[in-house]
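Down below is the structure, laid out as structure tokens.
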There are 2 protein chains.
Amino acid sequence: MPRIVDHKERRRQICDVLLDIVAEAGIGSATIREVADRSGWSTGVIGHYFRGRDDLLLGGLRRAAEILAERHTRLLDTLDGVQALEQLLETSVPLDGRRLALARIFFFFFVEAMTDEVLRQEVESYLVAWRKAIARAIRKAQDNGDLSTDIDAKELAKDLVGLADGMSMHALLDQNVMVRLREQSPVRYWLTRLARDPSPERPSPRPAFSRPSADG
Amino acid sequence: MPRIVDHKERRRQICDVLLDIVAEAGIGSATIREVADRSGWSTGVIGHYFRGRDDLLLGGLRRAAEILAERHTRLLDTLDGVQALEQLLETSVPLDGRRLALARIFFFFFVEAMTDEVLRQEVESYLVAWRKAIARAIRKAQDNGDLSTDIDAKELAKDLVGLADGMSMHALLDQNVMVRLREQSPVRYWLTRLARDPSPERPSPRPAFSRPSADG
């Protein structure tokens with residue numbers, strides 16, 4: 001048999017090695033040299049696929065997004081609404097090595113994207129896809145009677161992904177938040193509150209607590 | 001009168017110019033050169049206070065933390081529990097220029113801190129201080145009967161700051177999230193739910209939805 005290299009597959013393998021390094025040692029250690037040392041491929045071979053470290057990291061981001069998208073599809077196909085919702089929200093909560101890598105690489109690029117419009121659009125598309133999967137799960141849960149139909153699925157999806165990402169980010173900075181995430185999913189806590197009360201009204205834009213603001 | 005320079009005050013003024021630049025043009029534009037151009041101080045004068053751009057940005061972070069701490073104290077001193085809670089949670093939500101600068105500089109350093117242990121400890125201390133202020137406001141609201149005493153203030157504070165920071169981060173990347181934050185505070189929505197039901201039980205660590213996980 002001739003030695004045929006599947007370039008797409010090789011690229012993906014390189015990105016997976018990168019994500020392993022990000023999980024174990026952080027973004028700072030994720031270099032072409034380190035990927036070469038771990039994988040046995042030469043820096044020359046890796047250089048055939050990635051123009052430099054920044055390009056390699058971007059490859060890692062795209063691989064992370066691909067892993068998440070595959071997982072989202074699988075969860076929506078196999079679980080009922082509420083179960084899918086919980087697990088969709090936890091796909092990038094850093095509770096194990098793989099998800100630690102996803103969280104680290106996403107937050108790194110979130111900040112990069114704040115000063116790079118092309119990258120911002122790409123990152124936004126990942127957020128939008130995640131929220132769409134969440135909204136689909138919310139609607140499934142509504143169809144089953146597990147969540148109130150008064151809830152706006154699209155808007156709630158924004159809050160829930162914000163909650164999941166915010167706590168994940170804080171967990172990477174503060175062990176007390178990590179402990180809380182390990183002990184009990186706050187997402188589950190919030191969902192339980194929504195699921196328990198079958199007819200929550202969305203409050204009007206005016207505060208329920210209508211005293212004057214300190215800002216004047 | 002001799003010309004006496006108040007170095008602490010000068011340092012603070014430089015950081016405030018930096019934060020203005022971050023608000024208007026982003027972290028990428030926050031350089032010593034740009035601060036000099038805006039402020040009229042020479043790069044030499046600025047160099048007397050900051051060793052370089054990284055040091056200047058760190059000065060901006062510390063000034064941001066100082067601004068937040070002052071604001072937190074004022075809110076706790078002047079407002080009742082629920083009002084203070086809402087506003088404490090929104091102190092770094094990027095709804096105006098000043099808060100946009102705070103959000104941008106904090107997220108920038110959150111990611112830096114993920115690969116720098118000394119910086120991580122500093123950033124953690126800011127998160128802890130924020131959560132402490134939030135927990136104080138929750139306890140005040142509980143004392144007034146506005147929030148259930150069954151709620152663990154310290155744990156709820158972790159969730160709420162996660163929600164606020166996560167949505168703020170997403171708002172910097174996705175205009176749809178920014179629109180949602182402008183139209184209605186999700187923090188207020190969540191607090192309303194907590195305030196409405198005076199006796200929510202914290203669910204046990206086992207899920208309320210106890211079907212098997214797709215992860216096995």
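The figures that follow rest on heavy atoms only: side chains count, while hydrogens, waters and symmetry mates do not. The model shown is predicted, which means the values in this text are computed figures rather than measured ones. Naming: A, B, ... by sequence-line order, numbering from 1 per chain.
Proximity to chain A among residues 117-127 of chain B is limited to R120(B), V123(B), E124(B), L127(B), judged by heavy-atom separations below 4.5 angstrom.
For CZ of R136(A), the number of neighbouring non-hydrogen atoms (other residues, nucleotides, ligands) closer than 6.0 Å is 12 at most. Atom CZ of R38(B) sits in a crowded spot, with more than 12 heavy atoms from other residues, nucleotides or ligands closer than 6.0 Å.
Closest approach of G28(A) and T115(B) over heavy atoms only: N-CG2, 3.7 Å.
Rounded to the nearest 0.5 Å, atoms CG (L160(B)) and CG (L163(A)) are 9.0 Å apart.
D116(B) does not touch chain A: none of its heavy atoms, backbone or side chain, sits under 4.5 Å away.
The shortest distance between side-chain heavy atoms of L181(B) and K158(A) does not fall below 4.5 Å. Between I27(B) and M114(A) there is no side-chain heavy-atom pair separated by less than 4.5 Å. For the pair M169(B) and F107(A), the minimum side-chain heavy-atom distance is below 4.5 Å.
Under the 4.0 Å criterion applied to side-chain N and carboxylate O atoms, D174(A) and R131(B) are assigned as salt-bridge partners.
By number of non-hydrogen pairs under 4.5 angstrom with chain A, the leading residue of H170(B), Q175(B), E112(B) is H170(B).
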